[in-house]
Asks: 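Below you will find the structure I want to go over with you.
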Amino acid sequence: MVMANTVVVLDFETTGLSPDEGDRAIEIGAVKLARGVVVDRFQALMNPGQRVSSFIEDYTGISNAMLEDAAPCAEVMHRFGDFIEGENLVAHNASFDKRFLDAELTRISRSYSGSFSCSLLAARRIFQQAPNHQLGTLVKYTRIPSTGDYHRALYDSEMTVKLWLVMLSKLRDQYGLSAIPFTFIQKLNKTPKKSVFQWLARQAKTS
DNA sequence: TGCCAGGCCCTCTTTAGGGCCTT
């Protein structure tokens, strides 16, 4: 059974963009929210059994030396599978993180019961005037305090949590929506961008 | 810094192409 009032916001660092092309996870970070309050965190480097490129070392600050000392992906993903058991999931550009979560869990013959919602798709609808919808830009745009330590899994998860809460708050304040269940954001994200404000106004009237 | 892929989304569209996001 999936918990109704909790959500896990997660972020992977990886060796590249595509698990279908042999790319692997190298770090997972996640924050568990219960009714908008952080109640737990998860962070672990994992050894993918292959060297990462200098681009990834520079991009993430995660070096091959750091990964040599890390637990194997299988061990970390077993622990992470326990952490997300029964929880709904959020990520910034969720299709990316979902592909790696599915690939890494499939490798250890595990699955999960929650479903994903995407903070990028929500932000494209809610903050249509933002310069772009990269995580860092949205954090700055919404004036969330930041130290700028992006491209590490837990930091990006923490920033995504803050953005997620700002978006929920904006929906509540601007549209008078008292309760915003997880499924509401999933419906929002399936609503065409062009008509999303009319859709929100209708939801406000009927809520 | 970019490329690799895949999903979303726009448009000079739908018999398609390209930009945006993620590492």
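Note that the structure is predicted; figures quoted are calculated from it, not measured. Scope of the values below: all heavy atoms of this structure, side chains included, with no hydrogens, waters or symmetry mates. Below, chain A is the first sequence line, B the second, and so on; all start at residue 1.
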Asks: Could you report the tightest heavy-atom contact between A:Met66 and A:Leu45, atom names first, then the distance?
Replies: CE-CD1, 4.0 Å

Asks: Using the C1' atom as the point on both nucleotides, what is the distance between B:dG19 and B:dT15, in whole Å?
Replies: 22 Å

Asks: Counting side-chain heavy atoms from C-beta on, which of B:dT22, B:dC4, B:dT23 comes nearest to A:Gln134?
Replies: B:dT22

Asks: Determine the Euclidean distance between corresponding C1' atoms of B:dG18 and B:dT13; express it in Å to zero decimal places.
Replies: 12 Å

Asks: Under 4.0 Å between any heavy atoms, over every strand shown, what does A:Phe100 touch: base, sugar-phosphate, or nothing? Just pick one.
Replies: nothing

Asks: Applying a 4.0 Å non-hydrogen cut-off, can you work out what A:Arg24 is touching in the nucleic acid: base, sugar-phosphate, or nothing?
Replies: nothing

Asks: Name the one of A:Val7, A:Val39, A:Asp40 that satisfies side chain to side chain contact (heavy atoms under 4.5 Å, CB included) with A:Leu33?
Replies: A:Val7

Asks: Under 4.0 Å, counting only non-hydrogen atoms across every strand here, what does A:Thr60 touch: a base, just sugar-phosphate, or nothing?
Replies: sugar-phosphate

Asks: Would you say A:Tyr150 ends up clustered with A:Leu17 if hydrophobic residues are merged whenever their side chains have heavy atoms under 4.5 Å apart, either directly or through other cluster members?
Replies: no

Asks: Which nucleotide in the list B:dT22, B:dC8, B:dT23 gets nearest to the side chain of A:Tyr59?
Replies: B:dT23

Asks: With the side chain of A:Glu21 defined as its heavy atoms from C-beta on, choose the nearest nucleotide among B:dT22, B:dC8, B:dA5.
Replies: B:dA5

Asks: Have a look at A:Asp58 and say if it touches a base, only the backbone sugar-phosphate, or nothing, with a 4.0 Å heavy-atom cut-off.
Replies: nothing

Asks: Check every atom of B:dT22, B:dC4, B:dC9 against the side chain of A:Asp23 and return the nucleotide holding the closest atom.
Replies: B:dC4

Asks: When all nucleic acid strands are considered with a 4.0 Å heavy-atom cut-off, which category describes A:Asn132: base, sugar-phosphate, or nothing?
Replies: sugar-phosphate

Asks: B:dT22, B:dG7, B:dC10: which one has an atom nearest the side-chain heavy atoms of A:Leu135?
Replies: B:dT22

Asks: Between B:dG7 and B:dC12, how far is it from one P atom to the other, in whole Å?
Replies: 26 Å

Asks: With a 4.0 Å cut-off on heavy atoms, is A:Ile26 in touch with a base, just the backbone sugar-phosphate, or nothing at all?
Replies: nothing

